[in-house]
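Data first, discussion second: the structure below is written as structure tokens.
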Amino acid sequence: MKTVILYNIISLIIIFVLIFVLRIVSKSDLRKNQQLIIKVITTILIVCVIAFVLFIDAIAVGIIGPVPN
């Protein structure tokens, strides 16, 4: 259970960093194409991190697990 809590804390930090990157990119003076590419990649990473956290938590709680015979 300590490992799941550690993963949740690390994932939360990663999500905050990615949101901070989104804010910086939207205020920067990059070209529109570069901003769009960075925003799309960052959004995909945020969604993947959230899916990872939900998957790990579902395993820890017991929703997902080995199939009984």
Side-chain angles (χ1 to χ4, degrees):
M1 197 60 165
K2 290 181 183 180
T3 306
V4 174
I5 294 171
L6 181 66
Y7 283 151
N8 286 340
I9 292 171
I10 291 172
S11 299
L12 189 64
I13 292 170
I14 290 172
I15 288 171
F16 282 136
V17 167
L18 290 173
I19 290 172
F20 184 69
V21 166
L22 278 176
R23 286 183 152 185
I24 289 176
V25 167
S26 65
K27 293 179 182 178
S28 70
D29 57 346
L30 293 173
R31 289 181 283 161
K32 292 294 180 185
N33 287 342
Q34 290 175 339
Q35 282 185 358
L36 180 65
I37 291 171
I38 294 172
K39 286 180 183 179
V40 167
I41 291 172
T42 307
T43 305
I44 291 171
L45 286 174
I46 290 172
V47 170
C48 289
V49 170
I50 291 172
F52 171 76
V53 168
L54 291 176
F55 182 71
I56 294 297
D57 288 344
I59 291 174
V61 172
I63 297 171
I64 301 173
V67 178
N69 290 334

Linked, directly or transitively: Leu18 and Ile10 (ILVMFWY side chains, under 4.5 Å): yes
query: Mind checking who shares a hydrophobic cluster with Val47, ILVMFWY linked at side-chain heavy-atom distances under 4.5 Å?
result: none
Which side-chain N or O atoms in residues 27-36 pair as donor and acceptor under 3.5 Å with protein atoms at least two apart or in another chain?
{"residue": "Ser28", "atom": "OG", "partner": "Val25", "partner atom": "O", "Å": "2.8"}
{"residue": "Gln35", "atom": "NE2", "partner": "Val25", "partner atom": "O", "Å": "3.3"}
{"residue": "Gln35", "atom": "NE2", "partner": "Ser28", "partner atom": "O", "Å": "3.1"}

- request: State whether the side chain of Thr42 and the backbone N or O of Lys39 hold a donor-acceptor pair below 3.5 Å, judged by distance alone.
  value: no
- prompt: Does the side chain of Leu12 reach to within under 4.5 Å of the side chain of Asn8, using non-hydrogen atoms?
  reply: no
task: Tell me whether Ile5 is reachable from Ile13 by hopping between hydrophobic residues (I, L, V, M, F, W, Y) whose side-chain heavy atoms are closer than 4.5 Å.
output: yes
message: Hydrophobic clusters here meaning ILVMFWY residues chained together by side-chain heavy-atom distances under 4.5 Å, can you tell me if Ile38 and Ile41 are in one?
response: no
query: With sequence neighbours left out, what residues match Ile50 under side chain to side chain contact (heavy atoms under 4.5 Å, CB included)?
result: Ile15, Ile46, Leu54
- prompt: Linking I/L/V/M/F/W/Y whenever their side-chain heavy atoms sit closer than 4.5 Å, directly or via other members, would Val53 and Val17 fall into one cluster?
  reply: no
